[in-house]
Each structure stands twice: as C-alpha cells, then as structure tokens.
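Read through the structure below, which is laid out as structure tokens, and then see the notes.
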Amino acid sequence: MTPSDDRLPHPVAGAAGEPTAEVVYGLLRMADMDVALPLSALREVVPCPSALAGLPAAAPGLLGAVELRRLVLPVLDLAAVLGRPVPRRPDQVVVVAASGGQVLGLLADEVRGISQLPADALVAARTEGGGLLFCATFRHPETGQAYSVLDAAAILALPGVPTVTDVTRAATADGGAETRGAHRTLTVLRCGPYRFAVDAAHVHTTLPTPDLRPSVLTGQLCRGVIAFSDREVPVVDPLALLGLGELAGDETGAGLVLDPGSGYVVLALSELLDLVHVPEEDVLPVPPFAMPRSDLLAGMVTVDGLGDCLVLDGAALLADPDLSGFASVNTALEALPAHRDGAAATAAVVTGEAPSYLTFSVGVDVATPLDQVAEILPFPQTLTATAVGGLLGLISHRRAAVPVLCLATLLGRAGRPVGATTCLLLVDVDGDPVAFAVDALHTIAPRTWTDSEQTVRGPEADRGATLRSAPLVRIGEDGRLLPDLDLRAVARRLQHRHRSAEPAREPGTSAPVPAPR
C-alpha cells in the first residue's frame with residue numbers, strides 16, 4: 001500500500017528541522033466514531049438519498065452510487081466494512097474522499113466542523129501486517145475529543161471497492177500536479193442566483209438539509225431557527241445581509257454554520273457546491289462601489305466548472321454586528337421527559353391549549369407570553385441617550401424611533417451591565433414599538449400551570465407590571481414558579497408615571513402653569 005499526501009501519521013521536518021505548517025482537518029461523525037480527513041482528501045459533502053443507484057459490483061459495505069454532477073459516485077459504509085453495521089438514518093450525508101486521482105463516497109452521520117493542527121500533534125498508528133483504515137490519532141485542541149485520521153489511500157484501496165476518476169476539481173498536489181505559490185481552500189456554495197465562496201477555516205460546519213422552523217426571531221434578516229448542537233440557532237439570509245435581495249422560501253436547501261464566539265448562526269443556502277483549492281492571486285478585488293456590502297467581500301474568483309464566485313470575507317462575517325447579535329441569542333433546547341405530564345404539555349402547544357412563554361433573566365428569572373414579543377434584536381452598538389429614568393436611549397428600527405428600556409431598573413432591581421448575551425425584546429404597546437433590554441434568553445415553552453384566582457399584591461391596574469403584582473406560572477418542565485410579567489403593562493406604567501410628572505402648561509404656550517401659592 002503506497003502512502004499518499006492524504007496520510008500524515010507523523011511530523012515532517014522542513015529544511016530547518018522544524019515541523020511543517022499546520023494541516024486543516026474536516027471532523028466527521030461516522031459509524032459511531034469520531035474521525036477526521038485532511039481537507040486535501042475531502043472534496044465536499046452532499047446529502048445521501050434514501051435510495052442509491054445499483055452498481056455491478058459487490059464488496060463489504062458497498063451501498064450503491066449517487067449522482068454527483070459529472071460523477072456516478074460509489075458510496076461505502078465503513079460501519080459495515082468494520083463488521084458493525086448501524087441502521088440508516090434519513091439525515092445522513094456522503095463525504096467525497098479523494099486519493100491518488102480517484103474518489104469514493106463515504107457514508108457519514110454528520111460533519112462536525114474543521115480543526116487546524118500542527119503536524120506534531122498527531123500520534124502515528126500502525127498494526128502488524130497492515131490493514132488499518134486510519135493512520136494517526138489526535139485530541140481536539142479545544143474540546144479534548146479523540147479523533148482518528150482516516151487513511152484515504154487505504155480506504156480507496158479496499159478489495160472490490162470501486163472508485164472513479166477525480167474530476168471534482170482541477171488536479172492539485174493530490175493528483176500529481178505540482179502547485180506553486182500560496183493557495184486558499186474555499187467552500188463554494190449557491191444562494192439563489194449567486195455563487196459564493198468562503199475560506200474553509202472560517203466555516204464551523206455545513207448542514208446539507210437544515211430543518212427550518214418559524215421563531216420570534218423571524219424578521220428581515222432572520223429566516224427562522226434550526227436545532228443545532230442542543231440549541232435553537234438563528235438562520236440568516238445572506239442575500240439580505242449583503243443587500244442583494246432575499247432568498248426565496250423554497251430555495252433553502254443547505255446551511256453554513258458560523259461561530260462568531262458568542263454562539264452559532266447559520267447562513268441559509270440553496271446548495272453546497274464544492275470544496276476547492278485556488279491560488280491566492282486568483283482571488284481578485286471587487287470595486288467597493290460595485291456591491292452594497294463590499295465590507296463583507298474579499299474578492300471574486302473563477303472556479304473551474306462553476307464560473308465566477310463572490311468570495312466572502314470570513315473574518316468580517318464573524319465580526320459583523322448583525323451576525324454576532326443573532327449568535328448571542330441561541331436558546332438551549334430542553335428535552336421533555338417522556339412521561340404523561342411532558343406529553344400533555346407538548347400536546348397543549350400543538351393544539352393551542354396552552355400559550356407559549358419566553359423565559360429570560362434580568363438578574364432574576366421571569367416569563368412573559370410569547371405573543372407579546374414581536375422581535376428579538378441584538379443589543380445595539382450605539383444608543384441615543386436620554387435623561388429619563390429606566391430609559392437607556394433610543395434606536396431607529398423599521399422606520400421608527402424605538403425607546404430602549406432597562407427592564408431590571410423598571411422592576412426595581414439594580415441596572416444590569418451589557419454582556420455577550422444581552423438582547424432586546426421588541427414589544428408593540430398600543431401601536432408603538434418599545435424595546436426591553438434583558439440579560440439572557442432561556443427557553444420557549446408552554447405554560448403548564450397557573451392559578452387564575454391568584455391574589456394580586458398591589459393595585460389591580462399594576463397586575464403583571466411589577467414582580468410583586470405578577471401572578472406565578474410554571475413554564476414547560478421547569479419545576480420553579482416564575483413571575484408572569486406583562487411587558488405592555490410595564491411600558492404603560494412608565495408612560496403613566498412620566499405623564500403624571502409633567503407640569504401643566506398654559507394653553508397656546510410652552511410655559512408651564514405656575515404652581516399655586
């Protein structure tokens with residue numbers, strides 16, 4: 001078995017005796033194992049159809065073939081090759097692996113991102129007599145998770161397993177042609193009529209078939225949310241972000257996960273096209289006036305077989321305030337236990353018997369009816385300050401001047417510092433928008449208990465406007481009782497106090513009426 005450039009079992013010393021540059025690996029979940037492939041051996045990832053085309057060949061683990069543009073690509077299930085087959089799942093993907101100018105599809109459960117490692121972080125693996133399908137192991141530098149580096153050459157050389165000629169991209173060092181100069185590894189994707197590319201190092205992972213759901217986050221930029229990494233993650237329309245229009249509702253067929261640091265955000269795509277290596281000098285600058293958001297573009301590149309692609313600036317995307325704001329409002333998914341109370345609560349949401357609530361923190365955990373919240377916005381970078389107590393300032397949103405209120409202060413608690421998870425709850429109050437600043441979102445879940453005859457402390461008009469007057473509710477499977485806060489009543493209470501404090505004015509003048517002596 002001849003080693004290839006795709007197997008990197010040990011550090012390779014350069015001329016000065018130092019290890020070579022870091023290598024980027026794609027991280028995969030496959031056959032109940034955590035494995036990795038060098039990006040030089042990983043061409044792309046595509047959805048796996050439920051039924052594969054037949055092939056006139058037989059080998060352990062050979063499932064059939066998928067049609068991939070110019071290829072009829074054989075697909076192999078490594079679990080069956082290793083003698084431990086697992087049931088097929090509808091959301092599995094095919095990873096296109098390459099070596100020696102040939103390619104093969106590998107069945108995988110999911111793509112878990114990428115990791116850049118120095119060569120000396122790998123520990124070589126071997127066995128007497130050969131036959132190993134991996135060549136090294138490593139621990140993820142951030143999570144400590146153990147990964148096995150698949151040996152693409154060994155897998156493609158398995159007896160009886162058909163492979164096909166690699167026509168997924170022009171030949172590189174992997175195919176025997178010599179490369180010159182610096183290269184960039186780009187993930188190429190389509191979004192409506194546009195083709196984009198982004199440096200693979202800035203991509204956390206890709207999602208071939210995102211399950212998009214509506215959310216209170218839905219707005220001009222946000223298309224909804226998906227479940228990812230035990231969270232509800234916002235899905236952003238990149239065309240709207242770039243000022244290029246909107247992606248049609250039936251065009252969302254894939255997703256690109258970014259990690260700005262405060263959480264995850266997903267870019268909605270039509271499809272993932274390819275993973276390519278291009279010379280650095282082939283990425284051409286775009287005149288700033290030619291694109292609405294030129295600050296998010298690194299240039300344009302021509303990809304063989306695909307045409308011109310706009311290259312997104314990955315670092316600028318990760319720093320964009322809109323994307324960072326959406327990332328900061330990831331909501332943890334709370335799995336409901338499979339017992340009668342949980343089932344009843346879930347059924348109540350589906351049938352509309354129990355209203356849904358949003359729970360969040362303002363130094364203390366509270367809940368509010370979800371139908372009161374029109375939008376959830378990231379905390380703005382700038383505010384027009386005012387001198388009204390409880391009012392942080394003003395922002396402009398959707399052609400309206402919106403007051404931003406500090407909810408903690410209005411509830412009689414100490415003002416809260418702005419943090420990575422601080423966001424705004426936009427509420428319609430008698431036809432006018434009002435935004436409440438809160439520390440962090442927790443869950444969206446149905447109300448599972450309330451007592452409509454609870455005694456309200458304080459004036460009836462203040463019911464739900466203060467922590468003392470708010471009735472107690474139980475939300476979802478949380479055993480705690482939380483104050484049921486009426487955000488509209490909170491805003492009206494502030495407006496009433498402000499009107500009461502204003503001095504009366506002489507009719508037809510701006511002068512206040514003198515106080516009686």
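In summary, Arg195 and Asp308 do not engage in a salt bridge, as defined by a charged side-chain N under 4.0 Å from a carboxylate O. Using a 4.0 Å cut-off between a side-chain N of Lys or Arg and a carboxylate O of Asp or Glu, Asp32 and Arg84 do not qualify as a salt bridge. Between Glu246 and Arg223 there is no salt bridge, since no side-chain nitrogen of the basic residue lies less than 4.0 Å from a carboxylate oxygen of the acidic one. We find that Arg190 and Glu271 are joined by a salt bridge, their nearest charged nitrogen and carboxylate oxygen being less than 4.0 Å apart.
Taking both residues in full, the closest heavy atoms of Ala98 and Asp166 are given as CB-OD2, 3.9 Å, listed atom of the first, atom of the second, then distance. The shortest heavy-atom contact between Leu242 and Pro292 is O-CB, 3.5 Å. The nearest pair of heavy atoms linking Gly363 to Ser361 is N-OG, 3.3 Å. Scanning both residues, Leu150 and Cys135, for their nearest heavy atoms gives O-SG, 4.4 Å. A pairwise comparison of heavy atoms in Pro162 and Ala57 identifies CG-CB, 4.3 Å as the closest pair. When all heavy atoms of Leu247 and Ser270 are compared, the closest pair comes out as CD1-OG, 3.6 Å.
The side-chain heavy atoms of Val75 and Asp77, taken from C-beta on, include no pair separated by under 4.5 Å. In this structure the side chain of Val311 reaches within 4.5 angstrom of the side chain of Arg184, judged on heavy atoms. In this structure, the side chains of Val164 and Val72 stay at 4.5 Å or more apart for every pair of heavy atoms. Residues Leu317 and Leu296 form a side-chain contact, since some pair of their non-hydrogen atoms from C-beta on lies under 4.5 Å apart. Using a 4.5 Å cut-off on side-chain heavy atoms (C-beta onward), Leu323 and Leu318 make no contact. When side chains are defined from C-beta on, Val366 does not count as touching Val438, because their heavy atoms never get closer than 4.5 Å. Between Pro380 and Leu424 the shortest side-chain heavy-atom distance falls below 4.5 Å. A heavy-atom distance below 4.5 Å is not found between the side chains of Asp439 and Phe360.
A search for side-chain hydrogen bond (donor to acceptor under 3.5 Å, both in side chains) contacts involving Asp259 returns nothing, not counting sequence neighbours. Residues satisfying the side-chain hydrogen bond (donor to acceptor under 3.5 Å, both in side chains) criterion with Thr163, sequence neighbours excluded, are Gln102.
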- side-chain contact (heavy atoms from CB on, under 4.5 Å) between Cys48 and Val93: does it pass, once the steps are laid out? CA-CA 5 Å; Cys48 183; Val93 295; 5.6 Å; no
- Message: Does Phe138 form a ring pair (Phe, Tyr, Trp, His ring centres under 6.0 Å) with Tyr25? I'd like the steps, not just the answer.
- Response: CA-CA 11 Å; Phe138 66 86; Tyr25 291 87; 5.6 Å; yes
- side-chain contact (heavy atoms from CB on, under 4.5 Å) between His140 and Asp34: does it pass, once the steps are laid out? CA-CA 11 Å; His140 193 284; Asp34 292 306; over 6 Å; no
- Chi angles and distances behind the side-chain contact (heavy atoms from CB on, under 4.5 Å) call for Val95, Leu37: CA-CA 10 Å; Val95 176; Leu37 265 178; 4.1 Å; yes
- Message: Test side-chain contact (heavy atoms from CB on, under 4.5 Å) on Met30 and Asp109; report intermediate values, then the result.
- Response: CA-CA 5 Å; Met30 182 182 296; Asp109 296 328; 5.9 Å; no
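Taking CD from Glu375 and CD from Gln220, the interatomic distance works out to 9.0 Å, rounded to the nearest 0.5 Å. The distance from atom CG of Asp320 to atom CG of Leu258, rounded to the nearest 0.5 Å, is 10.5 Å. Distance check: Leu241 CG to Leu267 CG gives 7.5 Å after rounding to the nearest 0.5 Å. Interatomic distance, CG of Leu63 versus CG of Leu55, reported as 10.0 Å (0.5 Å rounding). Asp237 contributes atom CG, which lies 6.0 Å from atom SG of Cys191 (distance to the nearest 0.5 angstrom). Met33 contributes atom CE, which lies 6.0 Å from atom CG of Leu78 (distance to the nearest 0.5 angstrom).
When Pro234, Pro321, Cys423, Pro260 are each tested for a side-chain contact (heavy atoms from CB on, under 4.5 Å) with Phe326, only one passes: Pro234. Of the candidates Thr185, Val303, Thr187, Val276 forms a side-chain contact (heavy atoms from CB on, under 4.5 Å) with just one, namely Val303.
Surrounding CD of Gln381 are at most 12 heavy atoms belonging to other residues, nucleotides or ligands under 6.0 Å away. Shown here is Arg139, whose CZ atom has no more than 12 heavy atoms of other residues, nucleotides or ligands within 6.0 Å.
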